[in-house]
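Below: the structure, in C-alpha cells.
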Amino acid sequence: MNVNTNSNKNNHKKNIEKIYAWLMKSYGPQGWWPVLNHKGKKPNITGNLRGYHPKDYSYPRNSNQGFEICVGAILTQNTAWKNVEKALINLKAAKVLSPRKLIQLGDKELKELIRPAGYYNQKAGYLLTFTEFFLSLKGKVPARGEVLNCKGIGDETADSMLLYAYSQLEFVVDAYTRRIFSNLGFIKHDEKYMIIKELFETYVERDVFIYQEYHALIVEHAKRYYSKKPYRINDPLNKIL
DNA sequence: AACCAGGACGTGA
DNA sequence: TCACGTCATGGT
C-alpha cells in the first residue's frame, strides 16, 4: 500500500536532486560551516541565517579552524547558533580557541566562557574529552567510529565534524532533515538516523561540497517553514515534486 | 510568557 | 531496543 507518490523509490533520486536544485536556486550557497575571522568576529558579509563564507569551499584553512568547527559542532547541540556564536567569540577573545590552550583551561573558566551556549556543565566535559582526542590524532583524519567513541558526540555531531572540519563524505542528518523529508513523504517521522543518512548517501551526488551545501540548505529551509507547528504548511517544496 | 533551538546520555522497562 | 527525563541559555 503506497498512498504517497513521493515514496516511489524510482523517483527518489530525481526528487532529492530536484529539491537540492530548488533550495540552491532559492537560497544560494550557504557558506557552511561558519568560521570566525582572525579578529574573532563574525565576518560582516551575510544574513544572520547564512554561513560566513558562501561560495568559498577552502575551509578549514588550518588545524585551528578545523578545531573551531568541531567545538562549534559540540556547542550547537540542541542550541541556537546565535548562542554558540557568543560562546565561540568568548573563547576566541580569551585566546583559548585552540586545542592546546583549551585543555590548559580550568574547568570553571571554560564553563564560564561557553555558558551562553547552554548545557555548559555537560559541554565543558565533552569539549575536554574531544580535545584530548583531537590532539591524539596529530592531524590525521579520524574514523567515524573513533569520533563516536568520544562521550557527548553522537551521529549528527560526528558527521558534522567529518563533513565540515575534515571534508569527509558523510551526510549530516538533523531534526530539520527528518522533519522536512518525513513531511514530504520520503521517510517515517521517527526513522532511524542511519537509515536517513543512507537515503541521502545513496541518491545525492557523492561530492563533499554538495553534501556541505545540502545540509546547510536544509537547515535554512527548515528555519523558514518547519520551525513551528504545524509543519509543512506552505512549504513550497510540496509543489515542485 | 511559553516555546524552541543545527542532540546526546542515563535509566528503567 | 525504546521511551522518557535531564541538561540550560537566550531569542521570539
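Residue numbering restarts at 1 for every chain, and letters A, B, ... go by the order of the sequence lines.
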*Output every pair passing side-chain hydrogen bond (donor to acceptor under 3.5 Å, both in side chains) with a member in residues 162-171 of chain A, not counting sequence neighbours, ordered by first then second residue.*
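Sorted result for residues 162-171 of chain A: A:Glu170-A:Lys197.
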*Can you tell me which residue pairs pass the side-chain hydrogen bond (donor to acceptor under 3.5 Å, both in side chains) test with a partner in residues 122-143 of chain A, sequence neighbours excluded?*
A:Thr79-A:Lys123
In this structure, how many angstroms lie between the [atom2] atom of [N] and the [atom1] atom of [X], rounded?
| X | N | atom1 | atom2 | result |
| --- | --- | --- | --- | --- |
| A:Ile74 | C:dC7 | CD1 | P | 20 Å |
| A:Asn149 | B:dC9 | CG | C1' | 15 Å |
| A:Leu127 | C:dC7 | CG | C1' | 15 Å |
| A:Tyr226 | B:dA5 | OH | C1' | 18 Å |
| A:Asp190 | C:dC2 | CG | C1' | 11 Å |

*Distance-only, no hydrogens or angles: does the A:Asn90 side chain make a donor-acceptor pair with backbone N or O of A:Leu113 under 3.5 Å?*
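Yes, A:Asn90 side chain to A:Leu113 backbone: donor-acceptor pair under 3.5 Å.
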_With ring-ring contact (aromatic ring centres under 6.0 Å, His included) as the test, pick out the partner of A:His221 among A:Phe181, A:Trp22, A:Tyr20._
A:Trp22
*asked:* Taking 4.0 Å as the cut-off, does a side-chain nitrogen or oxygen of A:Lys192 come that near to OP1 or OP2 on C:dC2?
replied: yes
*Using a cut-off of less than 4.0 Å, is there contact between a side-chain N or O of A:Arg179 and OP1 or OP2 of B:dC4?*
no
*P atoms of B:dA8 and C:dG10, separation to the nearest Å*: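 Rounded to whole Å, the distance is 22 Å.
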*Please state the P separation for the pair B:dC3 and C:dG5 - nearest whole angstrom.*
15 Å
*Where along residues 151-160 of chain A does a heavy atom fall under 4.0 Å from DNA chain B?*
A:Lys151, A:Gly152, A:Ile153, A:Gly154, A:Asp155, A:Glu156, A:Thr157
*If you draw a 6.0 Å radius around CG in A:Asn234, do more than 12 non-hydrogen atoms from other residues or ligands fall strictly inside?*
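Open.
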_Which residues share a ring pair (Phe, Tyr, Trp, His ring centres under 6.0 Å) with A:Phe67, sequence neighbours left out_ = A:Phe134
*Any chance you could measure A:Glu220, atom CD, to A:Ser26, atom OG, to the nearest 0.5 Å?*
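OG of A:Ser26 is found 10.0 Å from CD of A:Glu220.
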*Which part of the nucleic acid, if any, lies within reach of A:Ala222 when heavy atoms closer than 4.0 Å are counted: base, sugar-phosphate only, or nothing?*
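Counting heavy atoms under 4.0 Å across all strands, no contact is made by A:Ala222.
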*May I ask you to say what A:Arg178 touches in the nucleic acid, namely base, sugar-phosphate or nothing, with a heavy-atom cut-off under 4.0 Å?*
nothing
Could you run down the sub-3.5 Å N/O contacts of the protein with nucleotides 8-10 of chain C?
| from | atom 1 | to | atom 2 | distance (Å) |
| --- | --- | --- | --- | --- |
| C:dA8 | OP1 | A:Tyr119 | O | 3.3 |
| C:dA8 | OP1 | A:Tyr120 | N | 3.3 |
| C:dA8 | OP1 | A:Asn121 | N | 2.8 |
| C:dA8 | OP1 | A:Gln122 | N | 3.2 |
| C:dA8 | OP2 | A:Asn121 | ND2 | 2.9 |
| C:dA8 | O4' | A:Tyr119 | N | 2.9 |
| C:dA8 | N6 | A:Tyr119 | OH | 2.1 |
| C:dA8 | N1 | A:Tyr119 | OH | 2.9 |
| C:dT9 | O2 | A:Asn83 | ND2 | 3.1 |
| C:dG10 | O4' | A:Asn83 | OD1 | 3.2 |
| C:dG10 | O4' | A:Asn83 | ND2 | 3.1 |

*Among all residues two or more places apart in sequence or in another chain, which pass the salt bridge (charged side-chain N to carboxylate O under 4.0 Å, His left out) test with A:Asp235?*
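Listed in chain order: nothing, the list is empty.
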*With the threshold set at 4.0 Å, does a side-chain nitrogen-carboxylate oxygen contact exist between A:Lys192 and A:Asp155?*
no
